[in-house]
There are 2 protein chains.
Amino acid sequence: MIGRLNHVAIAVPDLDAAADQYRNALGANVGAPQDEPDHGVTVIFIELPNTKIELLYPLGENSPIQGFLDKNPSGGIHHICYEVDDIIAARDHLLSTGARVLGTGEPKIGAHGKPVLFLHPKDFNGALVELEQV
Amino acid sequence: MIGRLNHVAIAVPDLDAAADQYRNALGANVGAPQDEPDHGVTVIFIELPNTKIELLYPLGENSPIQGFLDKNPSGGIHHICYEVDDIIAARDHLLSTGARVLGTGEPKIGAHGKPVLFLHPKDFNGALVELEQV
């Protein structure tokens, strides 16, 4: 069911510093910051040859990653995103196994303009898992 | 400098349950458990089309991931591994930027039989980063 690893998201306390570090210390291909007001984050994508790293920084008053940064002031790996062909079929199969989908259970349009869902981390070894229909 | 994302490692509290979940709930291609006594872990690799997930479970008395599981009883994303062509050149460049390398600073032979180093998570947005020479 799951396909490619679309990205690994890392919440960072200083977006400019993190971008500089990936560009200069790690020598990676770092994109420009993109504000995503609907998602409460500013993101920078780092293009690796086989996948992406998504640097996340809070945007606005109710950012969904502010609480994570409050608990993890140095930042941390926030979630991993797997691609699926059919997000409704994937959701229904996961629900049938007892896994919990966060929020209303209906896909939202994610930062890439595609339908996404998040799965409960307690059901997935403490890892927050995003599914994105590609 | 960094190349492909080689793997994302997830520490899990129940290796059989995690393997079943990736196989059946997430429909992924799950390998057999491999004991790595030199590294204090039993690992299962999940092959995605573009990279791997490495499930980690403690092996023996002094497993390096036991403390992580004590702090995170549900498990959690433990580290990400980037590939490099020349691990010594990568290390020396990173040291010149002020980044800290864990342990002695000399590469060890990792679970894949290749030289690896780990970078200090506080220097990398709270994310434990492994470098593997491929």
Side-chain angles (χ1 to χ4, degrees), chain A residues 1-15 17-18 20-29 46 48-53 55-56 68-69 72-80 82-84 90 93-99 119-129 131, chain B residues 1-15 17-18 20-22 24-29 46 48-53 55-57 68-69 72-80 82-84 90 93-99 119-129 131:
Chain A
M1 188 172 77
I2 57 171
R4 296 174 71 258
L5 180 76
N6 186 276
H7 62 267
V8 177
I10 303 175
V12 304
D14 181 332
L15 192 57
D20 278 353
Q21 181 185 54
Y22 267 85
R23 189 180 292 113
N24 298 317
L26 290 170
N29 185 7
I46 295 161
L48 302 180
N50 60 332
T51 189
K52 294 188 290 272
I53 303 295
L55 302 179
L56 295 175
F68 182 89
L69 284 172
N72 303 278
S74 302
I77 302 172
H78 185 263
H79 67 265
I80 50 178
Y82 298 128
E83 298 180 356
V84 295
H93 173 66
L94 283 159
L95 291 172
S96 78
T97 69
L119 307 178
H120 200 302
K122 291 229 169 171
D123 296 340
F124 288 90
N125 314 292
L128 178 59
V129 172
L131 298 180
Chain B
M1 187 172 82
I2 57 171
R4 296 174 72 259
L5 179 77
N6 186 276
H7 62 269
V8 177
I10 302 175
V12 304
D14 181 332
L15 192 58
D20 277 353
Q21 181 185 53
Y22 267 85
N24 298 317
L26 290 170
N29 185 7
I46 295 161
L48 302 180
N50 60 332
T51 188
K52 295 187 288 271
I53 304 295
L55 302 179
L56 295 177
Y57 185 78
F68 182 90
L69 284 172
N72 304 278
S74 302
I77 302 172
H78 185 264
H79 68 264
I80 49 179
Y82 298 128
E83 297 180 356
V84 294
H93 173 66
L94 283 159
L95 291 173
S96 78
T97 70
L119 307 178
H120 199 302
K122 291 230 166 167
D123 297 339
F124 289 90
N125 313 293
L128 180 59
V129 172
L131 298 179

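Reminder, nothing fancy here: chain letters follow the sequence lines and each chain counts from 1. Keep in mind that this is a model prediction, so the values were computed, not measured.
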Please classify the contact between [X] and chain A as side chain, backbone, both or neither, with a heavy-atom cut-off of under 4.5 Å.
X: B:Ala11; value: backbone
X: B:Phe124; value: both
X: B:Asn72; value: neither
X: B:Ile53; value: side chain
X: B:Ala25; value: both

Would you indicate whether the side-chain heavy atoms of [Y] and [X] approach each other to under 4.5 Å?
X: A:Leu94; Y: B:Leu26; answer: yes
X: B:Ile2; Y: A:Tyr22; answer: yes
X: A:Ile10; Y: B:Ile80; answer: yes

Exercise for review: Using atom types as modelled and distance alone, determine if a side-chain donor or acceptor of B:Asn50 lies under 3.5 Å from a backbone N or O of A:Asn50.
Suggested key: yes

Exercise for review: Please step through side-chain contact (heavy atoms from CB on, under 4.5 Å) for the pair A:Thr97 and B:Asn24, ending with a clear verdict.
Suggested key: CA-CA 8 Å; A:Thr97 69; B:Asn24 298 317; over 6 Å; no

Practice item. Name the member of B:Ala17, B:Gly27, B:Ser74, B:Pro73 that forms the most heavy-atom pairs with chain A at distances under 4.5 Å. Key: B:Ser74

Check your understanding: Who among A:Pro49, A:Gly98, A:Ala99 has the most heavy-atom pairs with chain B under 4.5 Å?
Key -> A:Pro49

Practice item. Grab the two heavy atoms, one from A:Leu48 and one from B:Gly3, that are nearest each other, plus how far apart they are. Key: CD2-O, 3.7 Å

Study note, to complete from the structure: Value for OG1 (B:Thr51) from CZ (A:Arg4), rounded to nearest 0.5 Å, stands at 10.0 Å

Point to revise | Residue A:Ala127 versus chain B: region with a heavy atom under 4.5 Å | key: both

